[in-house]
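Worksheet: the structure to be examined is printed underneath.
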Amino acid sequence: MNATLPQTETLEIPKPPKRLLTYFEDGGRTVGSWLLTTDHKRIGILYLYSIVAFFTIGAIAAAIMRLELITPAGDLVTSDTYNKLFTIHGTVMVWFFLIPSIPSVLGNFVVPLMLGARDLAFPRLNLLSWYLFNLGGLLALYAIAIGGVDTGWTFYTPYSSTFTNTHVVTMVAGVFMAGFSSILTGLNFIVTTHKMRAPGLTWFRLPLFLWSNYATSVILVMATPVLAMTLVLLSIERIWGVGVFDPQLGGDPVLFQHLFWFYSHPAVYIMILPGMGVVSELVTCFARKPIFGYHFVAFASMAIALIGFFVWGHHMFTSGASVYSGLVFSITSYLVAVPSAIKVFNWTMTLHRGRIFLNTPMLYALGFIGLFTVGGLTGLFLAALALDVHVTDTYFVVAHFHYIMVGGMVTGFLGGLHYWWPKITGRLYPESLGRLAALIIFIGFNLTFFPQYVMGYLGMVRRYHAYAPEFQIYHVMSSAGASILGVGYLLPLIYLIWSLKHGKKAPANPWNATGLEWQTPSPPPKHNFAQTPIVTRPPYQYSAETEEHMVYG
Amino acid sequence: MTFPILPEQASKIATQTDNLCWGLVSISAAVCLIVFVPMIYFLFKYRNGHPADRSPSNLPQTRIEIAWTILPLLIFMCFYVWGAKAYFNIERPPPGAMEINVIGKQWMWKVQHPEGNREIDELHVPVGRIVKLTMTSQDVIHDFFLPAFRTKQDVVPGRYTTEWFQADKIGTYHLFCSEYCGTSHSHMEGRVIVLSQADYQAWLTEGQPGTTLAESGERLFRELGCSGCHLGQSVIRAPPLQGLFGKPVPLNDGTVVIADEGYIRDSILLPAKQITGGYTNDMPSFAGRVSEDELLELIAYIKTLGSQSP
C-alpha cells in the first residue's frame with residue numbers, strides 16, 4: 001500500500017463495473033440448461049438449429065428435383081419418388097422452415113428486446129412451442145423415412161384421403177402438431193406486445209417489425225385452427241372412411257380446397273409479413289432516415305392480415321366453383337395488393353435524402369424490395385380471372401410464390417439474421433463475404449425462377465416429373481440458377497459459423513441503430529436490460545445529415 | 001436453340017388472354033421503372049460519402065400516401081374488370097356448340113363423341129366449330145388443360161364441369177392434366193387434333209361404331225329397367241322423362257331445379273336427394289351399378305327424349 005497517495009484520490013478511481021453475464025453464460029452451459037431454458041433468446045437459438053436442419057432437408061429435395069428436370073424424360077428418379085420429393089420440399093419448407101423462420105427465430109430473440117421486456121409473456125409456453133414444433137417435425141420426418149407421402153403439400157382430396165397408399169396420416173399429424181406450436185407462439189407474441197411494452201413505448205412508437213410481427217401473430221392464432229380441423233377431417237375420412245370430402249362416400253372434394261386455402265392463403269402472409277417488418281428496420285437503419293409514412297406502413301400490415309382472410313377462393317378459379325365467387329375473390333385479391341404496394345413505395349421514398357450504407361443487411365433489404373415487387377406484380381396476373389385460367393397450376397404460379405416466399409421471406413430472414421447477428425452472438429461476420437453472398441443469392445434466385453414464369457405461360461404444368469421437350473431450355477436455365485443459389489445459401493452458413501469463434505467482437509450497437517435491442521450489451525444479459533428502458537421518442541430517430549460510422553465503415 | 005415466349009394461339013380466346021397478359025406486362029414494367037429507377041438513383045446519389053442535400057424534405061407526405069394508395073387501386077380495378085369480362089367469355093360457351101364428353105381417370109382421358117366414336121388421350125375436333133366438353137372423373141380430381149386455347153378446367157369426381165373452345169387453326173395441340181393426380185400425373189397428357197370439316201367427317205365415319213351415344217344409352221335404359229317406370233303407360237309411378245332435359249323441375253320441398261346433366265346424374269345415383277313434386281321416392285339407387293361412361297350415355301339418351309317431345 002503506498003502511503004504517500006492521499007486517501008481521497010484512491011476513492012475517486014471508479015471501480016470497473018461488474019460485467020453482466022451474457023445469456024450464454026448465465027444459466028449454465030450444459031445441454032440440459034439449453035433444452036430446459038425459458039429464456040426467449042436461447043429458445044430463438046434452438047429454433048435456429050431446428051429450421052436450418054429442416055431447410056437443409058427441403059433444399060436437398062429441391063436439388064434432386066432440379067437435377068431431374070434438366071432433361072425432359074423422367075430418368076433420374078421414378079415418378080413416385082419425384083412426387084414424394086416435391087411433397088417433402090413443400091411440406092418441410094412451408095411448415096417447418098418458412099412459417100417459423102422470422103417469427104420463431106428472429107422474433108423470439110428480438111421481440112422482447114425491442115419491447116424493453118425481460119422475456120415473452122409466457123416463457124414456458126414458448127419452450128413448449130419449440131418442443132411441439134420439433135415433435136411435429138420429427139413425425140413428418142418419420143413419415144418421410146418410412147416411405148414418404150406423395151400428395152403434394154396441399155393434400156388435395158380425394159387423392160389424399162382415399163386413393164394414395166402413402167403415409168398421409170403420419171405427415172398430417174406432424175403438420176397438425178406444428179400448427180399448435182404456431183398458435184402458441186402467436187398467442188405469446190400478441191400478449192407480450194399488448195402487456196409488456198416498456199414505459200413510454202406506445203403503439204405508434206413501436207418499431208415496424210413489431211407491427212408486422214403482431215399482424216402475423218393474429219393470423220397464426222386465427223387461421224391455424226382451421227388447418228387443424230381440416231387435417232383432422234381428412235384423417236377421419238382416411239382412417240375410418242367417414243365421407244367428408246370423397247364424393248364416393250357422399251363428400252365434397254371442393255370443400256377441402258375451401259378449408260385448406262382458408263388457412264393456407266393467410267399463411268402466405270405469415271410467410272411474408274415478418275420479412276416486410278425486417279425490411280422496414282433495415283431500410284431505416286442503413287438509410288439513416290425515419291421511415292417514410294410510418295402509420296401507412298404499420299396499418300398496411302394490419303390491412304394485409306385482415307384482407308388476407310378473404311382471398312382464399314383465388315386458388316380455385318378453375319376448381320368448378322361458381323363464376324360469381326370468382327368475381328368476388330378476384331376483387332379482394334386486387335385489394336390486398338394495395339397495402340403491399342404502399343409498403344414498397346414507402347421503403348423507396350425512405351431512401352430519398354438518406355445517407356445510404358450498402359452493408360450486407362441493406363443489400364438483402366434491397367434484394368427483398370426488388371424480388372417482392374416482381375412477385376407482387378405477377379400476383380396481379382394471377383388475380384386477373386381470365387389469365388389465371390391459363391396460368392394456374394403451371395410454373396407461372398411456382399415462380400410467383402417463390403418470388404414472394406424465397407425472394408421475399410428468405411431474403412428478409414437472411415437480412416435480419418445478418419443485422420441482428422452481432423446482437424445474437426456478440427460477433428461480427430466478414431462483411432465482404434456477406435455482400436458477396438447477398439449478390440450471389442440475388443443472381444442465382446432470378447436465374448432459377450424468372451425462366452419459370454416464361455415456361456409457365458408456355459404451358460409447363462407444375463408437379464410434372466417428365467415434360468415436353470420445348471420446355472427444356474428454361475428448365476436448364478432454372479437448374480443452373482439453382483446451383484448458384486445453392487452456393488449463395490451455403491456461404492452464410494459457413495462464414496456465420498466461422499464468425500462464432502473467429503469473428504471480431506461486436507460492440508453493443510454496431511450499426512448505430514435506434515431500437516431498444518441495441519441499448520443492451522451484445523450478446524445481451526439473461527434478463528436483457530440492467531434497467532428497464534424508458535421510451536420518450538418515436539422509432540427511427542436517425543439523422544442522415546450527421547456523418548456517422550458503422551463497424552464496417 | 002429457340003426461346004419461345006408464347007404458346008401457339010389457336011383460338012380467339014387465346015388472343016384475348018394474351019392481350020390481357022401484355023396489358024399486365026406493360027403496367028408491371030411501368031411500375032418497375034417507377035420504383036427501381038428512383039431507387040437506384042437514390043442509392044447512388046445519397047450513398048454515404050457522396051455529398052448531397054440530406055436536410056429533411058418537407059414533401060406533402062399525407063397527400064403522397066393518398067395518391068399512391070388511390071392510383072394503384074384504380075389501375076388494379078381496370079385490370080379486375082378486364083380480367084373478369086374475359087373470364088365470362090371463357091366460362092360461358094356460345095350457343096350452337098357440339099357436345100363431347102370427357103372422363104378423366106388415373107391416368108388417361110376417355111372421350112365420347114355423340115356419334116358414338118370413342119378415343120383415349122386424343123380429341124378430334126373440326127376447325128371453326130364451338131366444342132363444349134362435359135367432363136367428370138371416375139377417381140380423383142384431374143384438370144383438362146389446353147394451353148393453345150388458354151383454357152383449363154378441373155375435372156371433379158361426382159359432378160360435371162364444362163369447358164369450351166373454338167379452334168381457328170388446323171393442327172395438333174397439347175392436352176395436359178394440370179391437377180396433380182398421383183403417380184403418372186405427368187404422363188396423363190394427350191393431343192387435341194383439329195381437322196378440316198371434311199377430314200373430321202371422314203374421321204368420324206371411319207371410326208363409327210354403328211351405335212350413337214344416345215342409342216347406347218337407350219339400350220342401357222331398357223337393360224337397367226328404367227323404361228319400366230319412366231316410359232310408356234307406367235308414368236304414374238315415376239316422373240316422365242320426355243321433354244325433361246333443360247327444363248325447370250318443381251320438387252317436393254317446393255324448390256325448383258333445372259334438369260341439367262348434374263341433376264340427372266344425381267337422380268340416378270342419389271334418387272332420394274331431389275324428389276319431383278307429386279311423387280314419392282320409390283327408385284333404387286344405381287350407385288355402383290352404372291359407370292361414369294354409362295351415366296353419360298344415359299344422359300345423352302334422355303337429352304334426345306327432350307328433343308322428341310312435342
Side-chain angles (χ1 to χ4, degrees), chain A residues 74 79-80 83 150 152 156 158-159 163-164 247-248 253-254 292-293 296 318-320 323 326-327 330-331 334 337-338 341-342 344-345 348 351-358 370 373 377 380-381 384-387 389-390 393-394 454 457-459 461 463-468 470 473 544-545, chain B residues 1 3-5 7 17 20-21 24 28 31-32 35-36 38-39 42-43 46-48 53-55 57 61 65 68-69 72-73 76-77 79-80 82-84 86-87 90-91 139-141 143 145 147 150-154 156-159 161 174 176 178-187:
Chain A
S79 303
D80 281 326
N83 297 344
D150 72 343
Y156 267 22
Y159 183 71
F163 286 87
T164 179
Q248 279 178 353
V254 181
F292 192 89
F296 285 86
T318 60
S319 289
V323 178
L327 289 182
S330 171
I331 203 166
Y334 275 111
V338 175
I342 291 173
V344 169
F345 297 142
T348 308
L351 301 175
H352 178 236
R353 297 200 174 189
R355 177 180 299 280
I356 293 161
F357 291 81
L358 290 176
T373 302
L377 285 169
L380 302 178
F381 288 57
L385 284 158
L387 202 55
V389 170
H390 176 56
D393 283 320
T394 69
V454 184
Y457 199 85
L458 280 171
V461 176
R463 296 174 170 175
Y464 262 26
H465 165 236
Y467 56 87
E470 68 256 36
I473 180 70
E545 288 175 288
Chain B
M1 212 182 300
F3 293 88
I5 301 283
T17 300
L20 176 57
C21 182
L24 279 157
S28 301
V31 172
C32 285
V35 173
F36 298 147
M39 185 195 270
F42 293 158
L43 291 179
Y46 299 114
R47 71 188 190 274
N48 184 39
D53 176 14
R54 292 187 168 87
S55 57
S57 60
Q61 193 170 329
E65 295 284 352
W68 69 37
T69 306
L73 183 65
F76 292 172
M77 284 307 105
F79 281 99
Y80 165 67
W82 187 353
Y87 180 62
I90 295 173
E91 290 296 310
D139 38 50
V140 302
I141 301 176
D143 188 294
F145 176 31
R150 310 289 187 277
T151 187
K152 69 162 70 72
Q153 173 63 53
D154 278 9
V156 185
R159 67 172 73 175
T161 54
H174 280 302
F176 294 123
S178 71
E179 187 64 67
Y180 174 68
C181 58
T183 306
S184 294
H185 169 53
S186 56
H187 295 294

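- Atom-to-atom distance recorded for R47(B):CZ and L358(A):CG is 9.5 Å, nearest 0.5 angstrom.
- Taking 4.5 Å as the limit, every side-chain heavy atom of I141(B) sits out of range of all side-chain heavy atoms of Y159(A).
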Decide yes or no on side chain to side chain contact (heavy atoms under 4.5 Å, CB included) for C21(B) and F381(A), but give the supporting numbers first.
CA-CA 7 Å; C21(B) 182; F381(A) 288 57; 4.0 Å; yes

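- For the options A466(A), A468(A), A386(A), P247(A), heavy-atom pairs under 4.5 Å to chain B are most numerous at A386(A).
- The distance from atom NE2 of H187(B) to atom OH of Y464(A), rounded to the nearest 0.5 Å, is 9.5 Å.
- Residues L327(A) and Y80(B) meet the side-chain proximity criterion, which asks for heavy atoms closer than 4.5 Å.
- No other option in G354(A), G370(A), A544(A), P253(A) has as many heavy-atom pairs under 4.5 Å with chain B as G354(A).
- For F292(A), the parts lying near chain B are the backbone and the side chain together; criterion is any non-hydrogen pair under 4.5 Å.
- Of the listed residues T69(B), D143(B), T161(B), T151(B), the one with more heavy-atom pairs under 4.5 angstrom with chain A than any other is T69(B).
- Both the backbone and the side chain of L73(B) come within less than 4.5 Å of a heavy atom of chain A.
- Note on G326(A), A337(A), A341(A): by heavy-atom pairs under 4.5 Å with chain B, the leading option is A337(A).
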Yes or no on side chain to side chain contact (heavy atoms under 4.5 Å, CB included) for R159(B) and V254(A), after CA distance, side-chain angles and deciding distance?
CA-CA 11 Å; R159(B) 67 172 73 175; V254(A) 181; 3.9 Å; yes

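- Looking at Y457(A) and T17(B), their side chains come closer than 4.5 Å, going by heavy atoms from C-beta outward.
- Within the model, atoms NE2 of H185(B) and CG of D150(A) stand 12.0 Å from one another, a figure rounded to the nearest 0.5 Å.
- The parts of F345(A) that come within reach of chain B are both its backbone and its side chain, each placing non-hydrogen atoms under 4.5 angstrom from that chain.
- Centroid-to-centroid, the aromatic rings of Y334(A) and F79(B) stay 6.0 Å apart or farther.
- Heavy atoms closer than 4.5 Å to chain B are found in both the backbone and the side chain of S319(A).
- Summarising the geometry of A384(A) relative to L24(B), their closest heavy-atom pair is CB-CD1, 4.1 Å, with the distance given to 0.1 Å.
- Most heavy-atom pairs under 4.5 Å with chain A: of the set G158(B), P38(B), C181(B), P157(B), this distinction falls to P157(B).
- Heavy-atom minimum distance, E65(B) versus G293(A): OE2-CA, 3.2 Å.
- At least one side-chain heavy atom of N83(A) sits less than 4.5 Å from a side-chain heavy atom of Y180(B).
- Considering only heavy atoms from C-beta on, H390(A) stays 4.5 Å or farther from L20(B) through its side chain.
- Side-chain contact between L387(A) and R150(B) is absent, with no heavy atoms from C-beta onward closer than 4.5 Å.
- Between chain A and the residues C32(B), S184(B), S57(B), A86(B), the largest count of heavy-atom pairs under 4.5 Å involves S57(B).
- A distance of 10.0 Å separates OH in Y46(B) from CG in L351(A), rounded to the nearest 0.5 Å.
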Between T394(A) and K152(B), does the side chain to side chain contact (heavy atoms under 4.5 Å, CB included) criterion hold? Intermediate values first, please.
CA-CA 11 Å; T394(A) 69; K152(B) 69 162 70 72; 4.1 Å; yes

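- A distance of 6.5 Å separates CG of D154(B) from CG of D393(A), quoted to the nearest 0.5 Å.
- Note on T373(A), L380(A), V454(A): by heavy-atom pairs under 4.5 Å with chain B, the leading option is L380(A).
- Residues V323(A) and Y87(B) have side chains in contact (heavy-atom distance under 4.5 Å, counting atoms from C-beta outward).
- Contact annotation for E91(B): only side-chain heavy atoms (C-beta onward) come within less than 4.5 Å of a heavy atom of chain A.
- By the 4.5 Å heavy-atom criterion applied to side chains, F42(B) and R353(A) are not counted as neighbours.
- Here H352(A) is the residue among Q248(A), H465(A), R463(A), H352(A) with the most heavy-atom pairs under 4.5 Å with chain B.
- Residue contact with chain B, scored on non-hydrogen atoms closer than 4.5 Å, involves the side chain of V344(A) exclusively.
- Only the side chain of V156(B) comes within less than 4.5 Å of a heavy atom in chain A; its backbone stays farther off.
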